[in-house]
Amino acid sequence: MAAAQVALVTGGNRGIGFAIAQQLGARGIRVVITARNAAQGEAAVAALQAAGADAHCLQLDVADAVSRQQAVAQLLQAQGRIDILINNAGVALDKWVPTQQLDLDVLRATMETNLYGPLHLCQLLLPAMRAQGRGRIVNLSSELGSLAASNMGGSAAYRMSKTALNMLTRLLALELKDSPDILVNAAAPGWVKTELGGDDAPRSTEEGARTPVWLATLPAGGPSGGFFRDEAAYPW
């Protein structure tokens with residue numbers, strides 16, 4: 001019997017991340033979610049398992065390099081493989097703050113979680129994917145990270161971090177041309193009703209999870225280096 005695919009979903013204890021874990025689990029994929037708070041992570045795992053998912057939890061602070069290294073070491077030791085990495089965890093610390101008033105410390109903290117963390121996790125996990133000859137990486141971006149779609153100011157730290165995450169997606173895909181079954185893509189989930197998106201958002205977390213899950217389960221020969229919303233190409 002083939003080994004179960006293993007997916008790592010950062011920030012999977014709530015919001016879009018939890019919905020992604022639910023949908024992957026329903027497909028028979030073993031899901032390892034991460035959470036900064038271990039108790040919250042275990043509570044989410046219990047809910048996933050109650051629904052029939054093969055789910056596990058790792059404590060991880062995406063903004064901390066040592067935490068990232070420890071979590072990846074624990075993951076590979078326990079699971080022996082990694083098929084899917086979904087860089088979902090993110091922060092928006094400067095909602096609608098004018099760019100001219102942006103605090104540089106806020107920008108640094110935003111980049112640590114939204115860009116440096118995903119980059120480092122890719123660096124740590126890609127050797128295992130290369131050894132397997134297969135992998136899927138999905139970076140949770142945002143419409144607000146699109147240069148073509150940006151028509152309003154503010155939230156500069158969040159938006160710059162997502163634009164940079166899009167470039168990371170493109171660069172990794174180009175550098176992985178020699179590993180054609182490792183696909184790297186970015187997803188814009190839309191405006192979703194979460195702690196970050198707020199109560200006025202029109203989309204459910206289940207709707208927001210659909211495109212990331214689609215990208216995470218692409219067949220061989222699927223797209224790589226793209227930016228997608230609603231399972232269709234979205235302008236950079």
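In this text, all values refer to a predicted model and were calculated from it rather than measured experimentally.
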K.L.:
Do you know which two heavy atoms are closest between Lys162 and Ser142, and how far apart they sit?
P.N.:
CG-CB, 4.0 Å

K.L.:
If I take atom CG from residue Leu218 and atom CG from residue Leu183, how far apart are they, to the nearest 0.5 angstrom?
P.N.:
6.0 Å

K.L.:
For Arg30, enumerate each residue passing the salt bridge (Lys or Arg N to Asp or Glu O under 4.0 Å) test, keeping only those at least two apart in sequence or located in another chain.
P.N.:
Asp54

K.L.:
Nearest 0.5 angstrom please: Gln79 CD to Leu8 CG, how far?
P.N.:
10.0 Å

K.L.:
For residues Ile86 and Leu115: do they belong to one hydrophobic cluster (side chain heavy atoms under 4.5 Å, members Ile, Leu, Val, Met, Phe, Trp, Tyr)?
P.N.:
no

K.L.:
Keeping Thr34 on the side-chain end and Gly11 on the backbone end, is there a donor-acceptor pair under 3.5 Å?
P.N.:
yes

K.L.:
So if you build clusters from Ile, Leu, Val, Met, Phe, Trp, Tyr with side-chain heavy-atom gaps below 4.5 Å, do Ile20 and Val138 land together?
P.N.:
yes

K.L.:
Which heavy atom in Ala109 sits nearest to a heavy atom in Leu93, and how many Å separate them?
P.N.:
CB-CD1, 3.8 Å

K.L.:
Please evaluate residues Leu165 and Asn87 with respect to the criterion side-chain contact (heavy atoms from CB on, under 4.5 Å), reporting the C-alpha separation (whole Å), side-chain torsions for both, the decisive distance (0.1 Å), and the verdict.
P.N.:
CA-CA 10 Å; Leu165 188 65; Asn87 284 309; 5.7 Å; no

K.L.:
Which heavy atom of Ala55 sits nearest to which heavy atom of Val45, and what is that distance?
P.N.:
O-CG1, 3.6 Å

K.L.:
Hydrophobic clusters here meaning ILVMFWY residues chained together by side-chain heavy-atom distances under 4.5 Å, can you tell me if Leu121 and Val32 are in one?
P.N.:
yes

K.L.:
Does the side chain of Leu147 reach to within under 4.5 Å of the side chain of Asn166, using non-hydrogen atoms?
P.N.:
no

K.L.:
Mind checking the CG-CZ spacing from Leu104 to Arg108? Nearest 0.5 Å is all I need.
P.N.:
5.0 Å

K.L.:
Hydrophobic side-chain clustering at under 4.5 Å (ILVMFWY, transitive links): who's grouped with Leu171? Put none if nobody.
P.N.:
Met167

K.L.:
Side chain of Thr163, backbone of Gly145: donor and acceptor closer than 3.5 Å?
P.N.:
yes

K.L.:
Using side-chain heavy atoms (C-beta onward) and a distance below 4.5 Å, is Gln132 in contact with Asp83?
P.N.:
yes

K.L.:
Looking at side-chain heavy atoms only, is the closest gap between Val213 and Arg27 below 4.5 Å?
P.N.:
yes

K.L.:
Hey, does the side chain of Thr205 reach the backbone of Ile16 with a donor-acceptor pair shorter than 3.5 angstrom?
P.N.:
no

K.L.:
Find the distance between CZ (Arg159) and OG (Ser141) and round it off to the nearest 0.5 Å.
P.N.:
11.5 Å

K.L.:
Looking only at non-hydrogen atoms, find the nearest pair between Ser224 and Ile182 and report the distance.
P.N.:
OG-O, 4.0 Å

K.L.:
Donor-acceptor check, side chain of Arg68 to backbone of Val62, threshold 3.5 angstrom: yes or no?
P.N.:
yes

K.L.:
Where the side chain of Gln101 meets the backbone of Pro98, is there a donor-acceptor pair that is under 3.5 Å apart?
P.N.:
no

K.L.:
Under a 4.5 Å side-chain heavy-atom rule over Ile, Leu, Val, Met, Phe, Trp and Tyr, are Tyr116 and Leu168 clustered together?
P.N.:
yes

K.L.:
Shortest non-hydrogen contact from Tyr158 to Asn114?
P.N.:
CD1-ND2, 3.9 Å

K.L.:
Look only at the side chain of Asp94 and the backbone of Ala157, and say whether a donor-acceptor pair between them is shorter than 3.5 Å.
P.N.:
yes

K.L.:
Would you please name every residue forming a side chain to side chain contact (heavy atoms under 4.5 Å, CB included) with Thr169, sequence neighbours left out?
P.N.:
Asn139, Val184, Ala186

K.L.:
In Å, rounded to the nearest 0.5 Å, how long is the span from CD of Gln69 to CD of Gln74?
P.N.:
12.0 Å

K.L.:
Give the other cluster members for Tyr234, using side-chain heavy-atom distances under 4.5 Å between Ile, Leu, Val, Met, Phe, Trp and Tyr residues; answer none if it is isolated.
P.N.:
Phe227, Trp236

K.L.:
Got a second to check how far Gln59's CD is from Asn13's CG, nearest 0.5 Å?
P.N.:
11.0 Å

K.L.:
Are the side chain of Gln5 and the backbone N or O of Ile29 linked by a donor-acceptor pair below 3.5 Å?
P.N.:
no

K.L.:
Is Ile137 close to Leu126 at the side-chain level, that is, under 4.5 Å between some pair of heavy atoms?
P.N.:
yes

K.L.:
Taking only residues two or more places apart in sequence or in another chain, which ones pass side chain to side chain contact (heavy atoms under 4.5 Å, CB included) with Asp178?
P.N.:
Arg130

K.L.:
Between Thr211 and Asp230 (side chain of the first, backbone of the second, donor and acceptor by atom type, cut-off under 3.5 Å), is there such a pair?
P.N.:
yes

K.L.:
What pairs with Gln22 under side chain to side chain contact (heavy atoms under 4.5 Å, CB included), at least two apart in sequence or on another chain?
P.N.:
Phe18, Ala19, Leu48, Glu206

K.L.:
Contact between Arg136 and Leu215 at the side-chain level, heavy atoms closer than 4.5 Å - yes or no?
P.N.:
no

K.L.:
Can you get from Leu172 to Leu140 by hopping between Ile, Leu, Val, Met, Phe, Trp and Tyr side chains that sit under 4.5 Å apart?
P.N.:
no

K.L.:
Using a 4.5 Å cut-off on heavy atoms from C-beta on, say whether the side chain of Leu102 contacts that of Leu107.
P.N.:
yes

K.L.:
Decide side-chain contact (heavy atoms from CB on, under 4.5 Å) for Leu58 and Leu75; before the verdict, give the C-alpha distance in whole Å, the side-chain angles of both, and the deciding distance to 0.1 Å.
P.N.:
CA-CA 8 Å; Leu58 285 173; Leu75 170 75; 3.8 Å; yes

K.L.:
Is the shortest side-chain heavy-atom distance between Thr217 and Leu24 below 4.5 Å?
P.N.:
yes

K.L.:
Quick check: closest heavy atoms across Asn88 and Gly17, and the distance to 0.1 Å?
P.N.:
ND2-CA, 3.3 Å

K.L.:
Within the 4.5 Å heavy-atom criterion, are Arg81 and Arg134 side-chain neighbours or not?
P.N.:
no

